> 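Quick one: this structure, given as structure tokens, is what I'll be asking you about.
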Amino acid sequence: WGSKVTCSLDDDNNWQSYKVVGDSRVPENVILSRVTTISTMINKPELNNWIINQSLGYIRDNLFREIRKNKNIKAPTEVLREVIVNASYHPNKTRDTAGNFGTECHDLLEKLSKDPNTEVPDKFSHIVDVWQEWMQESGLETLSTEQSLYYYKDNIAFAGTFDYLGVDSNGDIVILDYKTSNGIYDDYALQLSAYYMAFKFIFGKFLEGRKVKGVVMKLPKKQNEGIEIATVKNIDDHAEIFKSLALRKKISDKKDTWE
């Protein structure tokens, strides 16, 4: 399959979608939305609370210090205005820093899956230690890492890239997604259900009764933390929810809604 079909991010669309070449079921002009973009269609109150707390925390930590530092240079109202403006940018800067850490971590684990002798930077040593221990104990047989999959059926089109694919001791397929976030959130189940649908769309006839499991691995950020594992319950139900989100995304992308 991999030698005949390619699924890759579309640079003509600023990397916001995928394109598939080589599968007769998917016309080459079809735009396949990113799984992670569709997942953001759901409301995330915990994210909204995090943004508010990040901004308020920045004001708390910086307001009076900046006023004291600039008491003979700027008016307090001017300092206040600057602190509030900077506070509005602070959540995005924090998110980007965390995102960069997560990307580096994902890249490192992918390299280690292919070459166990890959050099490990000190900041990732604990993560790698507990990851290697868990992978060894799990008995998973590696099939693929960082593989892009796609789905095109019933007017629904999407694609995405999972972190790890393996077979467990029961012969079942395990789609594993690494996370470096502070928690395991519901939209992760939707993301994994999308990979599940895409895997069945491409390889369904080869499954021969095997189950396909979607699993999140939350990686530790601190030395005293371990790995957290969560498996998606009722993945078919989550797949139906994801289909609804994909249709909603398609409607929101339409440019000719009104006459």
Side-chain angles (χ1 to χ4, degrees), residues 1-44 106 110 142-167 172-179 185-216 231-258:
W1 169 79
S3 62
K4 297 178 181 179
V5 181
T6 60
C7 176
S8 57
L9 284 167
D10 187 357
D11 56 352
D12 292 334
N13 194 29
N14 295 319
W15 314 104
Q16 294 305 305
S17 61
Y18 283 78
K19 58 183 177 182
V20 172
V21 177
D23 188 331
S24 60
R25 298 172 298 172
V26 185
E28 292 188 14
N29 63 340
V30 167
I31 295 175
L32 295 101
S33 296
R34 297 180 68 163
V35 166
T36 49
T37 302
I38 295 172
S39 298
T40 62
M41 298 293 289
I42 63 172
N43 185 37
K44 300 178 182 177
H106 280 66
E110 181 193 5
T142 302
L143 295 178
S144 180
T145 60
E146 288 291 323
Q147 177 67 55
S148 296
L149 300 175
Y150 55 90
Y151 180 95
Y152 181 67
K153 189 177 180 182
D154 299 330
N155 214 28
I156 296 172
F158 60 80
T161 303
F162 60 73
D163 295 321
Y164 177 93
L165 182 73
V167 180
D172 294 331
I173 303 296
V174 176
I175 301 173
L176 189 62
D177 211 35
Y178 305 135
K179 299 297 181 185
Y185 305 115
D186 290 345
D187 58 302
Y188 297 166
L190 296 174
Q191 187 177 341
L192 281 161
S193 73
Y195 299 150
Y196 160 77
M197 282 191 289
F199 186 87
K200 286 180 47 174
F201 176 76
I202 298 170
F203 302 110
K205 62 182 179 181
F206 303 112
L207 286 176
E208 299 177 349
R210 290 179 174 180
K211 293 180 181 178
V212 181
K213 302 174 183 176
V215 178
V216 167
T231 302
V232 181
K233 289 183 180 179
N234 306 318
I235 197 166
D236 286 296
D237 293 341
H238 285 88
E240 291 301 314
I241 296 172
F242 188 86
K243 286 180 184 178
S244 299
L245 290 174
L247 286 172
R248 181 183 169 191
K249 173 73 167 57
K250 187 171 184 177
I251 292 170
S252 69
D253 288 344
K254 283 176 68 70
K255 307 299 182 184
D256 57 349
T257 302
W258 306 102

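Just so it is clear, the model here is predicted, and its values are computed rather than measured.
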> Would you check if there is a donor-acceptor pair between the side chains of S33 and S17 at a distance under 3.5 Å?
no
> Donor-acceptor check, side chain of K179 to backbone of Y185, threshold 3.5 angstrom: yes or no?
no
> List the atom of R25, the atom of P27, and the distance in Å for their closest heavy-atom pair.
O-CD, 3.6 Å
> For a side chain to side chain contact (heavy atoms under 4.5 Å, CB included) with L149, tell me which candidate from Y196, Y18, F199 qualifies.
F199
> Give, for atom CG of D177 and atom CG of L165, the distance between the pair rounded to the nearest 0.5 Å.
12.0 Å
> To the nearest 0.5 Å, what is the distance between CD1 on I241 and CG on D186?
9.0 Å
> Where is the tightest heavy-atom contact between Y150 and L32, given as atom of each residue plus distance?
CB-CD2, 3.8 Å
> Determine the minimum heavy-atom distance between E28 and V20, stating which atoms define it.
CG-O, 3.9 Å
> Are any side-chain N or O atoms of H106 and backbone N or O atoms of D163, one a donor and one an acceptor, separated by less than 3.5 Å?
no
> Looking at every heavy atom in both L192 and I235, which two are closest together, and how far apart are they?
O-CD1, 4.2 Å
> State whether a side-chain donor-acceptor pair under 3.5 Å links N29 with K19.
no
> Can you name the side-chain contact (heavy atoms from CB on, under 4.5 Å) partners of I156, sequence neighbours left out?
Y151, F158, K243, A246, L247
> Does NZ or CZ of R210 come closer than 6.0 Å to the centre of the six-membered ring of F203, within 45° of the ring's axis?
no
> Only counting residues at least two apart or in another chain, list the ones meeting side-chain hydrogen bond (donor to acceptor under 3.5 Å, both in side chains) with Y178.
W131
> Please name all residues satisfying side-chain contact (heavy atoms from CB on, under 4.5 Å) with N234, sequence neighbours left out, ordered by chain then number.
D237
> If you compare all heavy atoms of Y164 against all heavy atoms of F162, which two are closest, and at what distance to 0.1 Å?
N-CD1, 3.4 Å
> After noting the C-alpha distance and the side-chain angles of L207 and K200, does the key distance pass the side chain to side chain contact (heavy atoms under 4.5 Å, CB included) rule?
CA-CA 8 Å; L207 286 176; K200 286 180 47 174; 4.0 Å; yes
